[in-house]
K.L.:
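My questions will all concern the structure given below.
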Amino acid sequence: MWHIHSKYGEPDFYPSLEKEILSLIDGEKNLIANLANISSWIYHAFPDLNWSGFYLWNEEDKELVLGPFQGKPACIRIKPDRGVCGAAYSKALTIRVDDVHAFPGHIACDSASMSELVVPLIKNGKVMGVLDLDSPRANRFTEKDQHEFTKLMNKISDLIY
Ligand code: SME
C-alpha cells in the first residue's frame with residue numbers, strides 16, 4: 001500500500017519525488033506499467049492537477065498517441081504541429097503555459113485545464129514522447145517546476161527506455 005504525502009513547497013520536494021519515482025520503477029522493465037505508476041505518483045504528489053499523463057510518439061503514424069494517465073479521458077492522437085504537446089515534441093523542449101487560452105492551437109481535452117506543463121522524454125537525442133501536466137489553476141507551474149521536471153524526465157527516460 002502506498003502513502004503519498006505531498007511535500008510540495010518544501011525544499012526537499014523534488015529530491016524526494018525523484019527518489020520515490022526511482023523506487024517505483026526499480027526492477028521493472030515494462031514501459032506501460034512504469035509510465036502508469038509515474039503518472040499516478042505525480043498526480044497525487046503534486047497539488048492542483050486535473051490531469052497527469054503521457055503521450056507517446058508513434059513512428060508508424062507519425063503522431064503522439066495517448067499513453068498511461070490519471071484524470072478524465074483525453075484526446076487520443078496529437079499531430080506534431082498541434083497543441084502544447086505537439087510543440088514540446090517538435091521542439092524537444094519543455095513548454096510551460098501559464099494560460100492555456102492564450103496559447104495558439106492549445107487542445108482543450110478537459111475544459112477545467114487552465115495552465116499546463118509539457119516535458120519531452122528524450123532518449124539518445126530522440127523524443128520518445130511527452131509528459132503532460134494540466135492544472136485547473138492559471139499560472140500553476142513555476143520556473144522551478146519547469147526546470148525540475150525537465151531534469152527528472154531526462155533521468156527517467158534513460159531508465160525506462
Ligand atoms: N492540452 C494538450 C492536449 C492534451 S490534454 O491536455 C490531456 C495540448 O494542447 O497539447
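Whatever order the structure lists ligands and atoms in, that order sets their numbers, starting from 1.
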K.L.:
For the side-chain contact (heavy atoms from CB on, under 4.5 Å) test, which of L31, I38, L35 pairs with I25?
P.N.:
I38
K.L.:
Do the side-chain N and O atoms of N50 and S113 include a donor-acceptor pair separated by under 3.5 angstrom?
P.N.:
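There is such a pair between these side chains.
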K.L.:
Does the separation of the ring centres of F46 and Y14 fall below 6.0 angstrom?
P.N.:
no
K.L.:
Taking any residue with a non-hydrogen atom under 4.0 angstrom from an atom of ligand 1, which ones do you get?
P.N.:
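For ligand 1, the residues that come within the 4.0 Å heavy-atom cutoff are W51, Y55, A74, I78, G83, V84, C85, H106, I107, C109, E116, D132, D134.
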K.L.:
side-chain contact (heavy atoms from CB on, under 4.5 Å) with Q146: which of V119, I95, T94, V118?
P.N.:
T94
K.L.:
side-chain contact (heavy atoms from CB on, under 4.5 Å) for L117 and F149? Distances and angles first, verdict last.
P.N.:
CA-CA 9 Å; L117 185 71; F149 269 106; 3.9 Å; yes
K.L.:
If you look only at distance, which donor and acceptor atoms sit under 3.5 Å apart when one is on a side chain in residues 78-90 and the other is two or more places apart or in another chain?
P.N.:
| residue | atom | partner | partner atom | Å |
| --- | --- | --- | --- | --- |
| K79 | NZ | E63 | OE1 | 3.0 |
| Y89 | OH | W57 | NE1 | 3.4 |
| S90 | OG | P80 | O | 2.6 |
| S90 | OG | G86 | O | 2.9 |

